[in-house]
Amino acid sequence: MKAKVYVTLKPSVLDPQGKAIHHSIELLGVSGVNDVRQGKYFEMALDESLTSDDVRRIAEQIAKDVLSNPVIEDYRVEVDG
Amino acid sequence: MKFGVLVFPGSNCDHDAYHVISKHVGQPVDFVWHRETDLSGYDAVIVPGGFSYGDYLRCGALAKFSPVMGAVKDFAAAGKYVFGICNGFQILCEAGMLPGALIRNRGLHFICKHVRLRVENDRTPFTSELDSGDVLSIPIAHAEGNYVCDDDTFHRLEENGQIVFRYCDEVGEITEEANPNGARSNIAGICNENGNVLGMMPHPERACEEMLGSNDGREIFRSLTKAIAAASGQWPVVSGQ
């Protein structure tokens, strides 16, 4: 079973990398893009014997304790299958 | 009196710290591999700079799971001294031993240059040999030194005197131009509430010899040595120089 975790900077935290990407998009000549925020995406393969509730619980714990820093980041977990 | 310098996979300022402690502070010092779990023989632990675990995930994020970090937390809780420099500061923040976090520099670049720091609190064990308002010349070398924290944390840091160093200009003014990385309120170094854990982005261990451009870093290590001597009742046996 697969869990996906998205880690994003909290809205209050400036994202210099997102700003640089946004600037590059402007240089490309694409208009209409108002802002870019960079984040991280993780895929975890979990044991098939686990229930989807277990997978969600485990993924939430890993997202909270390892993949994100609660001072600057939020996370979101999706469970497949 | 004995110092320990932690070594993680990817630490690269461990030898600089060891050199300064043995040669300029003149005290016994060991390297402590990150798999160790016993720090009972030490009075102070230095968490050195570098790129622990290749800076994977976030700077310092994976080092906090190294076995030694549990011992470092107990060590600090017992009132012993923990000094995180650069990546060491990032590790202490990730480990929750210091508040806030260090994110990518405002200008995105890795910056390696001498900067000026103003001593904001001379009543810590790391700054007792300095005076508040002193301006130090100490190099920075980082891409993620942009200190962030929420408003509550910031006000608590200010009220408790936990802001120990701020980036300043040559005459000690705290200006936007003197802020190399966008750190909140020009913060370059902070301590915990008890004052026994300090983290700073600049590298005082690279500023202990005239031939390197500055020896302003020595006073920080001298302050720490005095604090250990006072706390343990053992006067330091100074060797080397």
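What you are looking at is a predicted structure, and each value in this text was computed from that prediction instead of being measured. Below, chains carry the letters A, B, ... as their sequence lines are ordered, and counting in each starts from 1.
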Top contributor to chain B contacts, counting heavy-atom pairs under 4.5 Å, from A:D15, A:L9, A:V71: A:V71
Which heavy atom in A:D65 sits nearest to a heavy atom in B:F65, and how many Å separate them? O-CZ, 3.3 Å
Is it the case that more than 12 heavy atoms not belonging to B:Y56 sit under 6.0 Å from its OH atom? no
So for B:L57, is it side chain, backbone, both, or neither that comes closer than 4.5 Å to the heavy atoms of chain A? both
Highest number of heavy-atom pairs under 4.5 Å with chain B: which of A:P16, A:S12, A:A20? A:P16
Distance-only, no hydrogens or angles: does the B:R58 side chain make a donor-acceptor pair with backbone N or O of A:L67 under 3.5 Å? yes
What heavy-atom pair brings B:L108 and A:Q17 nearest, and what distance separates the two atoms? CD2-CG, 3.4 Å
Need one label for A:L14: side chain, backbone, both or neither, based on atoms under 4.5 Å from any heavy atom in chain B. backbone
For B:N105, which atoms come within 4.5 Å of any heavy atom of chain A: side chain, backbone, both, or neither? backbone
For A:V7, which atoms come within 4.5 Å of any heavy atom of chain B: side chain, backbone, both, or neither? neither
Is it the side chain or the backbone of B:R104 that comes within 4.5 Å of chain A heavy atoms, both, or neither? both
If I take atom CG from residue A:N69 and atom CG from residue B:L102, how far apart are they, to the nearest 0.5 angstrom? 9.5 Å
Select, from B:G182, B:G107, B:C149, B:G100, the one with the greatest count of heavy-atom pairs under 4.5 Å involving chain A. B:G100
